[in-house]
Amino acid sequence: MKLHLKVIFVFCCCCLLTFLLSDSLSIIKLRPQSVHAWRQADCVSYTLNYYQNNQSFFEPQTHTLVGKNGHAASEFPLLYFITARFYKWFGVHEWFLRALNFLIFFIGCLCLLLIGFQFFDNKWLSLVPALFTFTSPFLYYYGLNFLPDVPALSLALMGSLFAFKYTRNKNVVLWYVAVLVFSLAMLIKVSAGISFVAFIGAMAIQQFYTRQSIIPTKHYKHIFTGLFITVALNICWIAFVVSYNKQSSSQQNLTGIYPIWDEQIRIILYICKRTLLYWSLVILNPLFWLLLVAGFFLLVRKIKAGLLRTFIWLNLVGAVLYSLLWFRAYQHHDYYMINPFVALIWIAFGACCVIDLMPLKQLYLNAGMGLLFFLAILYCGKVQTDRYYHFNGEAISADYYTVEPYLRSIGISRKDIVVSVPDKTPNLTLYFLNQPGWTEAFTWPGNNIDNFVSQGVRYIIVGDSGYLNNPLYAKHMGEKVGSYGSIAIFKIRH
């Protein structure tokens with residue numbers, strides 16, 4: 001037990017070092033910005049509307065009025081709802097959602113460490129898959145962020161801990177805990193179910209194909225009950241999302257698949273090239289990619305047959321199938337790669353199982369791991385700095401971050417409907433303004449400002465002076481009622 005505590009202590013120290021060297025004390029206070037600010041704004045918009053509009057759990061709402069009054073659903077909004085409760089108790093602080101997501105990420109990696117204790121004789125090896133996950137630059141970026149993908153992955157790792165404990169202890173309580181945690185992971189992001197499906201498949205193969213007794217016969221009813229609970233919960237939520245969005249005429253969330261077979265060859269090649277030359281560099285330290293490839297071949301040749309091996313291969317199959325089904329999303333959205341990343345985690349885990357059987361000197365092994373993860377921590381910090389402080393993508397003026405009190409001071413109510421330009425996202429500037437309304441997102445002939453004005457728009461808020469001469473908007477600009485830095489506010493001309 002003392003050794004276990006030492007390993008956990010070292011893990012926590014490495015996580016703390018990563019946190020500090022990544023400038024996370026400053027990052028956690030930042031407003032939605034940088035890579036995929038669009039999706040970040042959607043998340044905090046759900047949260048703020050839960051708080052200020054007293055929405056019930058099953059009435060998620062955003063600032064954009066695309067659809068009916070901003071009502072829209074996608075992932076299970078538990079994290080947003082919990083954060084809204086914190087807002088009620090302590091005031092509105094966006095870092096609550098960042099901190100909640102990051103805490104779940106840390107606990108998920110800690111659970112991976114505990115799984116290692118079950119499998120490795122050399123307990124220090126448990127650090128490898130846990131820190132491999134925690135120091136992945138893009139997992140860390142989204143873990144300390146507003147999106148729910150990393151919390152979903154982390155919950156899947158927690159579920160895996162209880163599932164493996166069940167197969168060892170045969171305690172059905174552990175199985176039902178695993179089912180509930182996996183179910184929550186899948187409700188938040190259905191793609192987090194890769195590990196659950198892999199575990200069910202691995203148990204079935206070991207039980208009925210290789211004839212290894214993984215599950216007592218008397219527990220079959222519990223396995224099927226758990227499977228039924230998970231499938232039923234997710235079907236019910238998906239049915240709710242479809243119905244809710246249909247009633248609201250909402251189009252702001254991507255809820256379909258984007259399969260590779262619907263793409264042109266040139267797009268497929270472009271996405272593959274972008275993934276290899278760009279996304280790969282933010283997913284992992286290049287050195288880790290080399291070690292992961294070596295670990296994969298080590299795994300193929302040396303890992304023992306059994307539940308873990310089958311589980312690892314089924315995770316890989318699940319990740320490949322997912323990537324084929326959502327292939328087009330990889331063109332612009334690296335966060336779609338978060339949940340299939342679980343296959344890489346388990347490949348690293350399996351490679352450590354093989355290394356555990358090798359007659360390596362502990363001193364050399366620990367020195368190698370220490371150097372490896374120090375480099376990984378530095379690389380993770382560099383990627384965070386690049387993403388937050390050297391981001392070259394589209395950015396909005398920092399004036400938006402502090403403009404809301406000014407709007408109230410000139411008599412604009414929080415409920416006044418506005419059009420905010422320029423903004424290609426549905427919620428980013430509207431969230432900072434804290435106004436319901438429309439942007440340039442999801443507009444087309446017949447659904448633009450001409451139509452919006454007839455639906456009660458009171459103000460046009462302009463963040464780029466070039467739009468003052470844009471005939472589509474200029475014809476609707478009446479009296480100028482205020483300006484805040486680069487932002488100008490006009491009444492609608494009727």
task = Output the distance between atom CD1 (I461) and atom OH (Y467), rounded to the nearest 0.5 Å.
result = 15.0 Å

inquiry  = Can you tell me how the ring of F19 sits relative to the ring of F102, calling it parallel under 30°, perpendicular over 60° and tilted otherwise?
reply    = tilted

query = If only atom types and distance count, is the side chain of T18 paired as donor or acceptor with the main-chain N or O of I377 below 3.5 Å?
reply = no

ask   = D399 side chain to G485 main-chain N or O, any donor-acceptor pair under 3.5 Å?
value = no

task = Begin with the C-alpha distance, continue with both residues' side-chain angles, and end with the deciding distance and a verdict on side chain to side chain contact (heavy atoms under 4.5 Å, CB included) for R266 and L269.
result = CA-CA 5 Å; R266 64 178 184 84; L269 293 176; 5.8 Å; no

Donor-acceptor contact below 3.5 Å, side chain Y244 vs main chain P60 = yes

ask   = Do the ring planes of Y330 and F327 sit parallel (below 30°), tilted (30 to 60°) or perpendicular (above 60°)?
value = tilted

key: Sub-6.0 Å ring centroid separation between Y80 and Y46   = yes

query = Will you find, in the side chains of T47 and T83, an N or O donor that is under 3.5 Å from an N or O acceptor?
reply = no

message = Using 0.5 Å steps for rounding, measure from the CD atom of Q55 to the OH atom of Y50.
response = 8.0 Å

task = Give the C-alpha distance, both sets of side-chain angles, the deciding distance and a yes or no for side chain to side chain donor-acceptor pair (under 3.5 Å) between N427 and D42.
result = CA-CA 6 Å; N427 286 298; D42 292 348; 2.8 Å; yes

query = Do N245 side-chain atoms and A72 backbone N/O form a donor-acceptor pair below 3.5 Å?
reply = no

message = Under the side chain to side chain contact (heavy atoms under 4.5 Å, CB included) test against I194, which residue among F341, W346, Y322 passes?
response = Y322

ask   = Do the rings of F288 and F132 sit parallel, tilted or perpendicular, given the 30° and 60° boundaries?
value = parallel

What pairs of donor and acceptor atoms, side-chain ones from residues 180-193 against any protein atom, are under 3.5 angstrom apart with sequence neighbours left out?
residue, atom, partner, partner atom, Å
S183, OG, V179, O, 2.7
S183, OG, T230, OG1, 3.0
S191, OG, N339, ND2, 3.3

message = So, taking the atom named CG in N315 and the one named CD1 in I312, what distance separates them when rounded to the nearest 0.5 Å?
response = 8.0 Å

query = Between E440 and Y473, does a side chain to side chain contact (heavy atoms under 4.5 Å, CB included) hold up when you go through it step by step?
reply = CA-CA 11 Å; E440 298 169 286; Y473 299 97; 3.5 Å; yes

query = Looking only at atom types and distance, does a side-chain atom of H36 sit under 3.5 Å from a main-chain N or O of H332, one as donor and one as acceptor?
reply = yes

inquiry  = Tell me whether F57 at atom CZ has more than 12 heavy atoms from other residues, nucleotides or ligands lying less than 6.0 Å away.
reply    = yes

message = The test is side chain to side chain donor-acceptor pair (under 3.5 Å); show your working for D23 and S26 and say whether it passes.
response = CA-CA 6 Å; D23 196 29; S26 299; 3.2 Å; yes

Can you give each donor-acceptor pair under 3.5 Å made by side-chain atoms of residues 136-143, sequence neighbours left out, with the distance rounded to 0.1 Å?
residue, atom, partner, partner atom, Å
S136, OG, I283, O, 2.6
Y140, OH, S24, OG, 2.6
Y141, OH, V35, N, 3.1
Y141, OH, V35, O, 2.9
Y141, OH, Q40, NE2, 3.4
Y142, OH, D334, OD1, 2.5

ask   = Is it the case that R274 places NZ or CZ above or below the six-membered ring of Y270, under 6.0 angstrom from the centre and within 45 degrees of the axis?
value = no

task = Show the numbers, then the answer: is there a side chain to side chain contact (heavy atoms under 4.5 Å, CB included) between W289 and L281?
result = CA-CA 9 Å; W289 279 114; L281 297 179; 6.0 Å; no

inquiry  = Within this structure, what is the OG1-CZ distance for the pair T402 and F432, rounded to the nearest 0.5 Å?
reply    = 10.5 Å

inquiry  = Nearest 0.5 Å, please: how far is CG in N145 from CD in Q33?
reply    = 9.5 Å

ask   = When you measure from the side chain of D356 to the backbone N and O of N122, does any donor-acceptor pair fall under 3.5 Å?
value = yes

